[in-house]
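Okay, structure first, notes after.
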Amino acid sequence: MGRLAIGLSLAVSVLFIAALTLGPAQIGAFESLNALISGDAGPLTLVMREIRLPRAILAIMVGASLGLAGAAMQGYLRNPLAEPGLIGVSGSAALGAVISIQTGLAATVALGLPIMALSGALLGVVLVVTLAGPRGSSLTLILAGIAISALAAALTSLVLNLSPNPFAANEIVFWMMGSLADRSMTHVWIALPFMAVGWVMLATLGRGLDALTLGEDAAGAMGIGLSRLRLTLILGTASVVGAATAVAGAIGFVGLVVPHILRPFVGAQPSRLLWASALGGAIMVLAADIAVRLILPDRDLKLGVVTALVGAPLFLHLIYKTRRDLA
């Protein structure tokens, strides 16, 4: 386990430095880092501190949030196909952002879009908790999440369908593809409190998730409060996924694929998979964001598109491998 932690941490560090120093502008890594640290008030310092640094930090925050939430969700539901968007938070956050764009709030208020996205996420989680009930089963939680996701997707489509402004509709479509471009430290400070609370809540689930591998009855006999565990899971996932969607848009497959890849390395133990998936998610989003800047720097390739193009085939391969091993 120590080697895995060191390897993942080292990969995050290397990719973080790469995210700071790589880009379409042909500037040396040493020169870039020197401008970031020394701060000579030149244009390179402005680029490093106002553009590349917040973008790299957000990549780590968003990736860690999605990876951690995915591992927690799969551990609770004991289903490797579970992912953070299952409880409808990402769809609700996206709906809030879409409404802010359509109404012009995002253009008139500097932080209108992330605030509306966070409000949508909060409303979504309230509806899920209300529908699932305080003592509902895992199946009830899944059904409630699917219902909220479907409703949010339908309302988002309705907004697009009725949009009289083609420019707003175009902006909505591109925002929903997910991106970290044009983000500032303001976005970091908006998302950080919500993500930090969510990280702490999800990190406390390790013992309960380990006990759940023996079944709900066995976990209850071991003193695990299942209702409290579920509520902590919902609130923690809502905090991290809602904040991630608010600042980066919809980025898929991270919370689904990363736990799959790392599960064999932690002995399929949910408590260990939590921190491993957080680091793995940060690696995936950092690598994807670097690829976005290097592959088509002048075409604004979206981060969510890259994660889907990488994650979907990889997930299909994992399904095929699992099916072959069971045969």
Side-chain angles (χ1 to χ4, degrees), residues 8 11-25 47 51-71 81 83-85 90-91 93-94 97-98 113-114 117 153 156 170-184 187-188 191 195 240-262 276-320:
L8 292 175
V12 171
S13 301
V14 170
L15 287 171
F16 179 71
I17 295 175
L20 291 174
T21 57
L22 295 178
V47 168
I51 298 177
R52 290 191 180 180
L53 181 61
R55 184 168 181 168
I57 293 175
L58 279 174
I60 292 178
M61 292 168 54
V62 170
S65 296
L66 296 177
L68 178 61
L81 296 178
E83 57 100 19
S90 55
V98 165
L113 193 151
T156 300
N170 187 60
E171 185 179 355
I172 289 171
V173 171
F174 276 105
W175 182 87
M176 292 181 67
M177 293 181 184
S179 176
L180 292 174
D182 303 322
R183 302 304 190 265
S184 66
H187 293 87
V188 174
M195 288 186 177
V240 298
V241 175
T245 306
V247 297
I251 299 177
F253 284 96
V254 177
L256 183 63
V257 172
V258 170
H260 258 294
I261 296 174
L262 295 175
S277 293
L279 292 174
I283 291 171
M284 183 173 179
V285 175
L286 275 170
D289 192 49
I290 293 172
V292 164
R293 284 181 278 173
L294 297 181
I295 296 174
L296 292 173
D298 56 339
R299 296 297 298 272
D300 193 22
L301 182 63
K302 297 300 182 181
L303 179 61
V305 175
V306 174
T307 57
L309 288 174
V310 174
L314 184 57
F315 187 61
L316 291 173
H317 170 71
L318 290 171
I319 293 175
Y320 173 75

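Starting from 1, each residue takes its place in the sequence as its number. Values below: all heavy atoms of this structure, side chains included; hydrogens, waters and symmetry mates excluded.
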Looking only at heavy atoms, the pair that brings P259 and G70 closest together is CG-C, 3.9 Å
Quick note, salt bridge (charged side-chain N to carboxylate O under 4.0 Å, His left out) partners involving residues 55-71, not counting sequence neighbours, are R55-D289
Residues 173-184 vs side-chain hydrogen bond (donor to acceptor under 3.5 Å, both in side chains), sequence neighbours excluded, gives S184-H187
One should read off an interatomic distance between L53 CG and L58 CG, to the nearest 0.5 angstrom, of 9.5 Å
Quick note, side-chain hydrogen bond (donor to acceptor under 3.5 Å, both in side chains) partners involving residues 59-71, not counting sequence neighbours, are S65-W199
The complete set of side-chain hydrogen bond (donor to acceptor under 3.5 Å, both in side chains) pairs with one or both residues in residues 306-316, sequence neighbours excluded, reads none
Shortest non-hydrogen pair, I60 vs F16, comes out as CD1-CD1, 3.4 Å
Closest non-hydrogen contact found for V62 with A244 is CG1-CB, 4.0 Å
**Prompt:** Do the non-hydrogen side-chain atoms of M61 and V188 ever get within less than 4.5 Å of each other?
**Reply:** yes
Residue set satisfying side chain to side chain contact (heavy atoms under 4.5 Å, CB included) with A246, at least two apart, ordered chain then number -> P114, A117, L118
Residues at least two apart in sequence or cross-chain that pass side chain to side chain contact (heavy atoms under 4.5 Å, CB included) with V173, listed by chain then number, are L160, M177
Under 3.5 Å, side-chain donor or acceptor atoms of residues 247-257 against the rest of the protein: list the pairs with distances, not counting sequence neighbours.
none

Residues A243 and A191: closest non-hydrogen pair is CB-O, 3.9 Å
Determine, step by step, whether I261 and L314 satisfy the side-chain contact (heavy atoms from CB on, under 4.5 Å) criterion, reporting the C-alpha distance in whole Å, the side-chain angles of both residues, the deciding distance to 0.1 Å, and the verdict. CA-CA 9 Å; I261 296 174; L314 184 57; 3.3 Å; yes
The reported gap from CG in L286 to CD1 in I57 (rounded to nearest 0.5 angstrom) is 11.0 Å
With sequence neighbours left out, the residues meeting side chain to side chain contact (heavy atoms under 4.5 Å, CB included) with L309 are V305
Shortest non-hydrogen pair, A19 vs I290, comes out as N-CD1, 3.8 Å
When every non-hydrogen atom of V241 is compared with those of P84, the smallest separation belongs to CG2-CB, 3.5 Å
Taken to the nearest 0.5 Å, the spacing of S277 OG from L66 CG works out to 11.5 Å
So CG of L180 and CZ of R52: to nearest 0.5 Å the spacing works out to 14.5 Å
Sorted by chain and number, sequence neighbours left out, side chain to side chain contact (heavy atoms under 4.5 Å, CB included) with A287 holds for L15
Query - Minimum side-chain heavy-atom gap M176-T156 below 4.5 Å - result: yes
